[in-house]
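Ligands are counted one by one from 1 in listed order, and the atoms in each one are counted from 1 as well. Atom set for the values below is all heavy atoms of this structure, side chains included, hydrogens, waters and symmetry mates excluded. In this text the structure is predicted, and so the values were computed from the model without any measurement.
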Amino acid sequence: MKTQVGIIGGGPSGLLLSQLLHRKGIDTIVLERQSRDYVLSRIRAGVLERGFARLLHEAGVGDRMEQEGEAHTGFYLAQDDALLHVDLKKHSGTNVIVYGQTEVTRDLYAARDAMGGTVIHNAADVTPHDLQSDAPSLTYRIGDDTHRIGCDFVIGCDGFHGVSRKSIPADKMRLFERVYPFGWLGVLSRTPPVSDELIYARHDRGFALCSMRNRNLSRYYIQVALDEKVEDWSDDRFWAELKRRLPRAVADALVTGASIEKSIAPLRSFVAEPMRWGRLFLAGDAAHIVPPTGAKGLNSAGADIHYLYHALTRYYETGQMDGLDRYSETALARNWKTQRFSWWMTSLLHTFPEQGAFGQRIQQSDLAYLFSSEAALTSLAENYVGLPY
Ligand code: RFL
Ligand code: PHB
């Protein structure tokens with residue numbers, strides 16, 4: 001088999017790039033290790049930046065998001081019983097859209113199907129070859145049969161645990177990592193959200209977040225220690241702990257119900273530099289991870305895809321490699337700013353085992369400063385709605 005761009009990973013990054021390139025007449029094949037049902041069962045991001053939404057429109061998959069997604073012009077930060085409003089519209093001039101990653105992925109699959117795009121599921125042992133040559137290839141196995149795809153470029157969109165980043169020699173890469181000493185326990189429930197806007201809560205017992213997918217689907221998270229097990233968290237225990245961390249009025253208004261998904265995600269900051277090795281280009285979680293506090297993971301993946309899409313289109317239209325040559329530097333420059341913001345918002349709102357009394361006071365004054373300074377609020381809003389690309 002032959003294609004122009006071989007894409008490893010059929011998550012949002014890989015599907016979006018495939019869809020965008022197809023509309024420019026550039027041929028792609030997507031290799032995904034899991035089944036489609038499995039990919040669509042993962043509950044992840046909920047908040048989309050305007051830039052990401054624009055990219056979905058450009059890919060021709062923005063209609064359902066526009067109809068069913070909700071524009072949010074602000075969110076709340078809570079501390080004990082205080083609820084502080086962050087007016088995104090006022091401080092940044094724009095808004096974010098609440099529309100689940102699962103729905104984005106579903107829309108992208110539908111669009112790939114409609115255009116006859118090739119997405120190969122259950123592809124085992126995907127392996128890139130000859131990445132330093134002008135003619136790289138990918139092999140993969142389905143059952144007992146091994147297949148080979150020749151291509152011009154390989155794009156690694158296979159997430160943090162994928163094979164792409166690992167195929168770059170260790171001495172050609174520098175890794176930056178911070179693993180946080182806690183995770184998020186998340187619950188999805190068919191209940192009306194407690195608030196029209198998201199609430200990020202700082203509390204001595206740990207961080208809590210009230211989010212949503214739609215008017216009757218809520219997503220809640222609480223910070224838990226890394227050794228906590230989902231099995232030890234009954235729904236009742238989860239709701240009781242969540243309520244303890246929210247302002248009284250919010251806790252009283254919370255509608256609880258049976259969970260339809262419950263999972264623990266560890267929190268990590270991670271960057272791999274550079275994002276390129278010969279004809280292999282990394283994008284999204286394959287190259288970088290942020291803790292979810294700033295709602296930036298999927299959105300940063302979107303920025304990478306934007307840069308790659310334009311660089312690859314330029315190459316196929318003019319034969320110029322300059323966009324691709326600049327990709328790693330351009331994507332990393334934006335990503336490090338997003339890393340800083342995600343780290344800062346995580347540091348502001350979580351309880352750290354070793355922070356001590358001094359650390360607590362610094363955290364409290366960081367919040368106090370935020371709400372006494374238009375400049376600080378503007379900076380928060382500018383980052384939350386997403387830096388330009
Ligand atoms: P994905 O989604 O991990 O997709 C990678 C795909 O590659 C496949 N794969 C392979 N395929 C072939 N061969 C291999 N060897 C392979 N290895 C892996 C996988 O099966 C998978 O289908 O990466 P991608 O596309 O880069 O997308 C990144 C986003 O998924 C991620 O950044 C976000 O979900 C992060 N995130 C959030 N981001 C936001 O922008 N806003 C949010 O509100 C937000 N909330 C979150 C989040 C992530 C969370 N978790 C669980 C980590 C909330 C949570 C709890
Ligand atoms: C979510 O709804 O899953 C969500 C929202 C905001 C975040 C992280 C996750 O910062």
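By the criterion of a heavy-atom distance under 4.0 Å, the side chain of I8, and not its backbone, is placed next to ligand 1. If you look at R44 next to ligand 2, the close heavy atoms, those under 4.0 Å, all belong to the backbone. At a 4.0 Å heavy-atom cut-off, ligand 1 does not touch F160 at all. Contacts of I43 with ligand 2, taken as heavy-atom pairs under 4.0 Å, are absent altogether. Of all the heavy atoms of Y384, none lies under 4.0 Å from any atom of ligand 2, so neither backbone nor side chain is involved.
The single protein non-hydrogen atom nearest to atom 27 (O) of ligand 1 is P12 CG, 3.5 Å, given as residue, atom name and distance. Looking only at heavy atoms of the protein, atom 40 (O) of ligand 1 is closest to L298 N, 2.7 Å. Nearest non-hydrogen protein atom to atom 32 (O) of ligand 1 is D285 OD1, 2.7 Å. Of the protein's heavy atoms, S211 OG, 2.6 Å lies nearest to atom 2 (O) of ligand 2. With hydrogens left out, the protein atom closest to atom 12 (C) of ligand 1 is R33 N, 3.3 Å, a heavy atom. For atom 26 (O) of ligand 1, the nearest non-hydrogen atom of the protein is S13 OG, 2.8 Å. Closest to atom 37 (C) of ligand 1 among all protein heavy atoms lies A45 CB, 3.2 Å. Protein heavy atom in closest approach to atom 8 (C) of ligand 1: E32 OE1, 3.2 Å. The nearest protein atom to atom 8 (C) of ligand 2, hydrogens excluded, is given as P292 O, 3.3 Å; this is a heavy-atom distance.
Around the CG atom of D171, the shell of radius 6.0 Å holds more than 12 heavy atoms that belong to other residues, nucleotides or ligands. Within 6.0 Å of the CZ atom in F176, the count of heavy atoms belonging to other residues, nucleotides or ligands exceeds 12.
Within ligand 1, the atoms closer than 4.0 Å to a non-hydrogen atom of V47 are 41 (N), 43 (O), numbered from 1 in the order shown. Within the listing of ligand 1, atoms 26 (O) sit less than 4.0 angstrom from a heavy atom of G284. Ligand 2 places these atoms under 4.0 Å from at least one heavy atom of L198: 5 (C), 6 (C). Taking every non-hydrogen atom of C157 and a distance limit under 4.0 Å, the qualifying atoms of ligand 1 come out as 5 (C), 6 (C), 7 (O). Near L31, meaning under 4.0 Å from any of its heavy atoms, are these atoms of ligand 1: 11 (N), 12 (C). Less than 4.0 angstrom separates some heavy atom of G159 from each of these atoms of ligand 1: 3 (O), 5 (C), 23 (O). Close approach of ligand 2 to Y221 (heavy-atom distance below 4.0 Å) involves ligand atoms 1 (C), 3 (O), 4 (C), 9 (C). Residue Y221 approaches ligand 1 through these ligand atoms, each under 4.0 Å from one of its heavy atoms: 53 (C), 55 (C). Atoms of ligand 1 found under 4.0 Å from any heavy atom of N299, numbered from 1 in the order shown, are 40 (O).
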message = Applying ring-ring contact (aromatic ring centres under 6.0 Å, His included) to F182 and F207, what does each step give before you reach the verdict?
response = CA-CA 10 Å; F182 41 72; F207 169 77; 8.8 Å; no

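Going from atom CZ of R141 over to atom CG of D125 covers 4.5 Å, rounded to the nearest 0.5 Å. How far OH of Y309 is from CG of L20: 5.5 Å, rounded to the nearest 0.5 Å. Residue S189 holds its OG atom at 8.5 Å from CG of N216, rounded to the nearest 0.5 Å.
Residue contacts with ligand 2 leave out Y220, since none of its heavy atoms falls under 4.0 Å from the ligand.
Here's the thing with G294: none of its N/O atoms is less than 3.5 angstrom from an N/O atom of ligand 2. Any N or O atom pair closer than 3.5 Å counts here, and T293 shares at least one such pair with ligand 2. In terms of N/O distances under 3.5 Å, ligand 1 is approached by G46. Where the criterion is an N or O separation shorter than 3.5 Å, residue side chain and backbone included, W184 fails it with respect to ligand 2.
A salt bridge between R106 and E103 is present, with a side-chain N of the basic residue lying under 4.0 Å from a carboxylate O of the acidic one. Between D227 and K229 there is no salt bridge, since none of the side-chain N atoms of the basic residue sits less than 4.0 Å from a carboxylate O of the acidic one.
For the pairing with C151, the side-chain contact (heavy atoms from CB on, under 4.5 Å) check across V5, T3, I29 returns one residue only, T3.
Using modelled atom types and a 3.5 Å distance limit, the side chains of Q223 and H203 yield no donor-acceptor pair. Side chains of R219 and Y221: a donor-acceptor N/O pair is present below 3.5 angstrom, by distance only.
Nearest to atom 29 (C) of ligand 1 by heavy-atom distance, out of K296, E49, Q101, is Q101. For atom 1 (P) of ligand 1, the candidate residues are H121, R44, Q34; the nearest heavy-atom contact is made by R44. Nearest-residue assignment for atom 41 (N) of ligand 1 (options G162, G14, A295, G302; heavy-atom criterion): A295.
Here Y384 and F75 bring their ring centres to under 6.0 angstrom of each other.
At least one donor-acceptor pair under 3.5 Å links the side chain of R334 to the backbone N or O of L387.
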